[in-house]
Amino acid sequence: MPQETDKLKILIYGLNYAPELTGIGKYSGEMAEWLVGRGHEIRVVTAPPYYPEWRIHEEYRGRLYRSRRLENGCLVWRTPVYVPRQPSGLKRVLHLISFVLGSLPVMLVQIFQKPDIVITVVPTFFGAPLGLFVARAADAVAWLHIQDFEMDAAFAFGILKSKGFLRQTALSAERVFMRRFARVSSISAKMVERAQSKGVLSERTVLFPNWVDVEQIFPLTGANPLREQLGLDDKIVLLYSGNMGTKQGLEVLAPLARAFAPTGEVADDRVHFLFCGDGAFRPRLEMLLQGLPNVTLLALQPVELLNELLNAADIHLLPQRASAANLVMPSKLTGILASGRPVVATAHAGTQVAQVVDNGAAACGRVVPPEDVISLRQAVAQLVADPELRRRMGNNARDYAVRCLGREETLLQFERDLLEAVPAMMQAKAAKQLRSAVAPVAER
């Protein structure tokens, strides 16, 4: 049970963690640091940082296991993991399983630390049974936080190609384990609904969206050093920044850039494309863009340059595959909105991305059908031609980020949900014990 001061002992179990700069690792690291700042005791079991480069960072090589108490107070265990250089479907599965096997001894030791809550972060769902076991053995709240419906996405994107027994077995196992967690949270309302469709009781679900620090990411006025350095001050810059993986549908970027190139259908020498990031798809993207003079490719930028990078854009690009609808919620959207720039996203109507971006008079940008290059080009051309529309949509984006995605407000609500979960679990256990005690009496 928590102490009288309402300070919790929390174990976070997940594949990705800071200092990874993008996606899940970034959010898990910021969440842990914030909770420590509130006085909670945080332990983390995770892999060495490797994402999105799919290469373990140099300083974390050479040792299978290591533990370190960070300056912020978190105790972080790094456990071994197999990281394939070219992550095919089978290699991805082996990668995920290797993390679970490598983390097994460390997770078992955590039982004796008696956490109040064990938060298992998905991906990877392969770790859900172990997280659930440790929580049960420690008499703790078992909490599942879904950043990505990994099983659904693997089949939808063709990472796993089976349509028969394997698929049915995997999705059935997911449902069985998911329903056994005391709390299941996810990052968008649509993803929470999806968890409920898999059999999780609505009273056990929690909305825990990704956030943005609106004091660190904000609209810049005046000169932008990064734009100056890249020689883009006189250009209308279209930016894609983040992971370059299989889920993003980045194939549409090459024909879009080609259309605005000097020999393209809508040639415009004012328009320049800036693509920044790393991931499994980057080599393919580089090949598709070869020879285009209106494209600059950058590596992932350090976190201290993130605000300059996001503000280097006049228009942000947010492509997604059609099959990604409500399976994932792109984490990069929070920073895009906070930067006060409009976005052109590819998403189906009614999805969470579409509801946020193209919300009538409060629209933050334009939404076009996934993988529809012509519609994408038309939406971009409209924003390129209309600076007042860009300004208005950028203001809407910033307003939405401040109102709905602020870091402090989001994490305060999450803390309240955590504090409520522990007594709720204890009450449920007491009620179950009472029913067990009464049943034999009633039978007599």
Side-chain angles (χ1 to χ4, degrees), residues 10-18 20 23-29 31-32 42-51 54 56 64-67 74-84 87 89-111 113 115 117-138 140-155 159-160 169-187 191 195 198 200 204 206 208 327-328:
I10 301 172
L11 172 63
I12 299 171
Y13 177 46
L15 178 61
N16 302 101
Y17 192 73
E20 291 179 351
I24 297 165
K26 170 184 179 294
Y27 286 104
S28 291
M31 172 183 70
I42 306 297
R43 290 172 175 258
V44 180
V45 178
T46 187
Y50 69 91
Y51 188 81
W54 286 90
I56 293 177
L64 290 180
Y65 292 91
R66 66 177 71 200
S67 64
C74 295
L75 179 61
V76 180
W77 281 92
R78 303 282 181 176
T79 69
V81 65
Y82 160 65
V83 179
L90 177 59
K91 289 179 179 179
R92 285 176 184 266
V93 171
L94 294 175
H95 161 68
L96 300 174
I97 292 174
S98 75
F99 171 65
V100 177
L101 294 177
S103 62
L104 176 61
V106 176
M107 284 294 287
L108 293 179
V109 168
Q110 303 310 310
I111 295 172
Q113 302 300 322
I117 300 178
V118 178
I119 302 175
T120 302
V121 181
V122 176
T124 172
F125 199 85
F126 284 85
L130 179 55
L132 183 63
F133 173 79
V134 170
R136 294 273 181 93
V141 174
W143 189 299
L144 188 71
H145 181 52
I146 302 171
Q147 286 272 5
D148 182 331
F149 277 97
E150 179 183 36
M151 296 292 188
D152 291 332
F155 290 112
I159 296 171
L160 297 177
T169 301
L171 294 178
S172 296
E174 179 192 50
R175 291 173 63 92
V176 167
F177 283 108
M178 192 178 292
R179 286 180 289 182
R180 281 163 171 71
F181 281 83
R183 292 290 184 274
V184 176
S185 58
S186 196
I187 60 177
M191 291 175 71
K198 292 176 178 286
V200 180
R204 292 188 177 187
V206 175
F208 178 30
L327 299 180
V328 297

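Just so you know, these numbers come straight off a predicted model, no measurement behind them.
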In chain order, what residues pass the side-chain contact (heavy atoms from CB on, under 4.5 Å) check against [X], with sequence neighbours excluded?
{"X": "A18", "value": "none"}
{"X": "V176", "value": "R179, R180"}
{"X": "P80", "value": "L64, Y65"}

Who are the side-chain hydrogen bond (donor to acceptor under 3.5 Å, both in side chains) partners of [X], not counting sequence neighbours?
{"X": "R43", "answer": "Q113"}
{"X": "K198", "answer": "D152, E174"}
{"X": "Y17", "answer": "none"}

Practice task
Enter the distance from L144:CG to R183:CZ here, rounded to the nearest 0.5 Å.
Solution key: 13.0 Å
Exercise for the section: To the nearest 0.5 angstrom, please state how far the CG atom of L15 sits from the OG1 atom of T79. Expected result: 8.5 Å
List the atom of [X], the atom of [Y], and the distance in Å for their closest heavy-atom pair.
{"X": "M191", "Y": "I146", "result": "CE-O, 4.0 Å"}
{"X": "A170", "Y": "M151", "result": "CB-SD, 4.3 Å"}
{"X": "A138", "Y": "P115", "result": "CB-CD, 3.8 Å"}
{"X": "F181", "Y": "R204", "result": "O-NH1, 3.4 Å"}

Side-chain contact, heavy-atom cut-off 4.5 Å: [X] with [Y]?
{"X": "Y51", "Y": "V83", "result": "no"}
{"X": "F208", "Y": "M31", "result": "yes"}
{"X": "H145", "Y": "I187", "result": "yes"}

Show the atom names and distances, to 0.1 Å, of all donor-acceptor pairs under 3.5 Å that link a side chain in residues 101-109 to residues at least two apart or in another chain.
residue, atom, partner, partner atom, Å
S103, OG, Y13, OH, 2.7
S103, OG, F99, O, 2.8
S103, OG, V100, O, 3.1

Problem - Test item: side-chain donor near acceptor, H95 and Y50, under 3.5 Å - result: yes
Exercise for the section: Return yes if some donor-acceptor pair links the side-chain N/O of R92 with the main-chain N/O of P87 below 3.5 Å, else return no. Expected result: yes
Extract all donor-acceptor atom pairs below 3.5 Å that involve side chains of residues 120-131 and protein atoms in other chains or at least two apart in sequence.
residue, atom, partner, partner atom, Å
T124, OG1, F126, N, 3.1
T124, OG1, E150, OE2, 3.4

